[in-house]
Amino acid sequence: MNIEIFNTYSKTYENFIPIDSENVRIYVCGPTVYDFIHVGNARPLIIFDVLVRFFKFIYPKVTYVRNITDVDDKIIIQSKKNNENITDLTKRTIEAFTEDAKSLHVLTPDHEPKATEHIPEMLKIIKTLIENKNAYYSNKHVFFSVSSMSEYGSLSGMKLDEMIDGARVEVNSLKKEPGDFVLWKPSEKGEMGWESEFGYGRPGWHIECSAMSEKFLGKQFDIHGGGLDLIFPHHENEIAQSCCAFETPFMAKYWMHNGYITVNNEKMSKSEGNFITVRDALRRFSGEVIRYSILSGHYRSPINFSFESLNESKSALDRLYRCSEGFEIDNNIDQEFLSALSKDLNTPLAISRLHELAKEFNKGNRLSGQLLKSSSRILGLLNVSSSEWFTKKDQIDEEKINNMISERNKARKEKDFHLADKIRDELKSIGVSIEDKENETKWRLD
RNA sequence: GGCCGGAUGGCAGAGUGGCUCAUGCUCUGGAUUGCAAAUCCAGCUACCUCGGUUCGAUUCCGGGUCCGGCCUCCA
């Protein structure tokens, strides 16, 4: 199967050809664990989860790494703000993150390395960079020298002189050039840090990904993913570090970046304060609905978040669930569905195919229902049985509902439609919709 | 200031140099139903604007307008 991917590096669609077709290697930037994730953070989790599910169907082996950033200035600030020990904060946040990811039906990656567990690996790269004259020591700091790498800026299309014109680079007299970025910086006594030949300190933001991707995937790997906002400076700097330290022409063969989730058409972000946490959204909609909603737009386009659109997603997903009743997952995946995913992970087109299958099923084609159920697995949808989807919820008295339904059916048999309608209204008022079939009455929660 | 994206029907959102037609949600009408629900069928003036290329452009090229983003932490 020919798979096309839009490569941020070349800004064009490219045919995906793995470096090693026996083991496709993917690295995605995971969360910085200082607070609950918001819906915007959920997008790359879901998108790359689908990419990995798709690839695992196509290729014999996929190694997926998603790191956890558990050392960062934001963590230090948050721990002071909470008056909470850093380890407690990160442990608690990682647990919450794992729960949220699970609610969104995001599969656990093959490796989930933590930055704090890879400090020696980072220091080794920093040392090599200094030896290679790509980095320099300056008063307890180590900086990467951007002018030492002629290709610097090739991912983001940034030019060094233009960056300076932007006047948005950190003013730091220790740097030789404004674009230089920190690899190692000093920590105060008692502050989070590690002893090193550069003094007691902690790593800069970017170096962890160079260290951990190399450890688990090698010096060069297939796909590196993350949000659009990581292109510069994060991924640009990762490339600089990895390529200079490992002396390789490229770090990842393909770079994939997802677009933003917006609120009122503006980027959802912690700093803007316009975010909705995944936990909050989960109070009103199931993780699968959130997932459907995120997959209903192409991964590189913006998606505007609203509870109305989640509601719409729920209606659409309900329809798919109605058509998947009684089917078990098998390995038969719809070809048109796969073909949609092979075109730069066109999930909206893939979903539209699922709806076509649903329609065919409703017209009496059982095979379409089977294909619908099995294909949906690649998107991480239709994860539970249809009856569970429509009837399982806490604090639901199934016995009472069933009793009311049989009472109503008795009334219907006796043509007491007045009573029958009254019972239906009562059921409706407790959030139960019913559907009279030929020989039975089905019910579901709204 | 530099550099990137985007503009499709009531809403969301794919796609295409010409085909009857994305798909979903909503609404309206029909079939079906005791009535509903579900389902099927049909409908609701779709391609921001101005030029260019072309037999033909929503689709390609150029200008404009508007919106968003990156250049600072950010998924």
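Proteins come first, then strands; the chains are lettered A, B, ... in the order of their sequence lines, and each starts at number 1.
- Of the P atoms belonging to B/A42 and B/C50, the separation is 34 Å, rounded to the nearest Å.
- Between A/R444 and A/H38, the residue anchored nearer the 5' end of RNA chain B, judged by the nucleotide with its closest heavy atom, is A/R444.
- Here the nucleotide nearest the side chain of A/L349, chosen from B/G34, B/G69, B/A22, is B/A22.
- Using a 4.0 Å heavy-atom cutoff across all strands shown, A/K270 reaches no nucleic acid atom at all.
- Judged by atom type and distance alone, A/R408 reaches the base of B/G34 through a side-chain donor-acceptor pair under 3.5 Å.
- Around NZ of A/K11, the count of heavy atoms belonging to other residues, nucleotides or ligands within 6.0 Å exceeds 12.
- A salt bridge is absent between A/D49 and A/R66: the closest approach of a Lys/Arg side-chain nitrogen to an acidic carboxylate oxygen does not fall below 4.0 angstrom.
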Any protein N or O atoms within reach of nucleotides 25-31 of chain B? Criterion: under 3.5 Å, listing atom names and distances.
none

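- Atom CD1 of A/I294 is separated from atom P of B/A75 by 14 Å (rounded to the nearest Å).
- Residues A/E435 and A/F390 have side chains not in contact (no heavy-atom distance under 4.5 Å, counting atoms from C-beta outward).
- One finds no side-chain N or O of A/N346 lying less than 4.0 angstrom from the OP1 or OP2 phosphate oxygen of B/A14.
- Rounded to whole Å, the C1' atom of B/U49 lies 7 Å from the corresponding atom of B/U65.
- By the 6.0 Å contact criterion, CG on A/N264 is open, its count of non-hydrogen atoms from other residues, nucleotides or ligands being 12 or less.
- Atoms NE2 (A/H298) and P (B/A12) sit 19 Å apart, rounded to a whole Å.
- Among the protein residues, A/I434 comes within range of the nucleic acid bases, having at least one heavy atom under 4.0 Å from a base atom.
- With 3.5 Å as the limit, one finds a donor-acceptor pair spanning the side chains of A/E208 and A/N67.
- Within 4.0 Å of A/G40, counting heavy atoms only, lies at least one base atom of the nucleic acid.
- Taking only distance into account, the side chain of A/D229 never meets the base of B/G69 through a donor-acceptor pair shorter than 3.5 Å.
- Around atom NZ of A/K56, more than 12 heavy atoms belonging to other residues, nucleotides or ligands sit under 6.0 Å away.
- Counting non-hydrogen atoms of neighbouring residues, nucleotides and ligands closer than 6.0 angstrom, the CD atom of A/E440 exceeds 12 such neighbours.
- Residue A/H234 is out of contact with every strand shown, counting any heavy-atom pair closer than 4.0 Å.
- No engagement by A/K442 is indicated, since no non-hydrogen atom pair under 4.0 Å with the nucleic acid exists.
- One N or O donor and one acceptor, one from the side chain of A/R424 and one from the base of B/A36, sit under 3.5 Å apart.
- Under 4.0 Å is where a charged nitrogen must lie from a carboxylate oxygen, and between A/K410 and A/D416 no such pair does.
- Residue-level contact check: A/E272 touches neither bases nor backbone, having no heavy atom under 4.0 Å from any strand.
- Annotation: of the two residues near RNA chain B, A/R412 and A/Y299, the 5′-most nearest-nucleotide partner is A/Y299.
- Nucleotides B/A12 and B/A7 are separated by 15 Å at their C1' atoms, to the nearest Å.
- In this structure A/D180 satisfies the salt bridge (Lys or Arg N to Asp or Glu O under 4.0 Å) test with no other residue, sequence neighbours excluded.
- In the displayed structure, A/E188 atom CD is contacted under 6.0 Å by at most 12 heavy atoms of other residues, nucleotides or ligands.
- Atoms CG (A/N362) and P (B/U32) sit 18 Å apart, rounded to a whole Å.
- Atoms CG (A/N265) and P (B/A12) sit 9 Å apart, rounded to a whole Å.
- For B/C70, one of the phosphate oxygens OP1 or OP2 lies less than 4.0 angstrom from a side-chain nitrogen or oxygen of A/K267.
- Contacts of A/N41 with the nucleic acid, taken as non-hydrogen atoms under 4.0 Å apart, include base atoms.
- With the 3.5 Å cutoff on both pairing distances, Watson-Crick and G-U pairs in RNA chain B assemble into runs of at least 3 at B:1-7 with B:65-71, B:10-12 with B:23-25, B:27-31 with B:39-43, B:48-52 with B:60-64.
- For A/E191 and A/K80, the salt-bridge test passes: some basic side-chain N is under 4.0 Å from an acidic carboxylate O.
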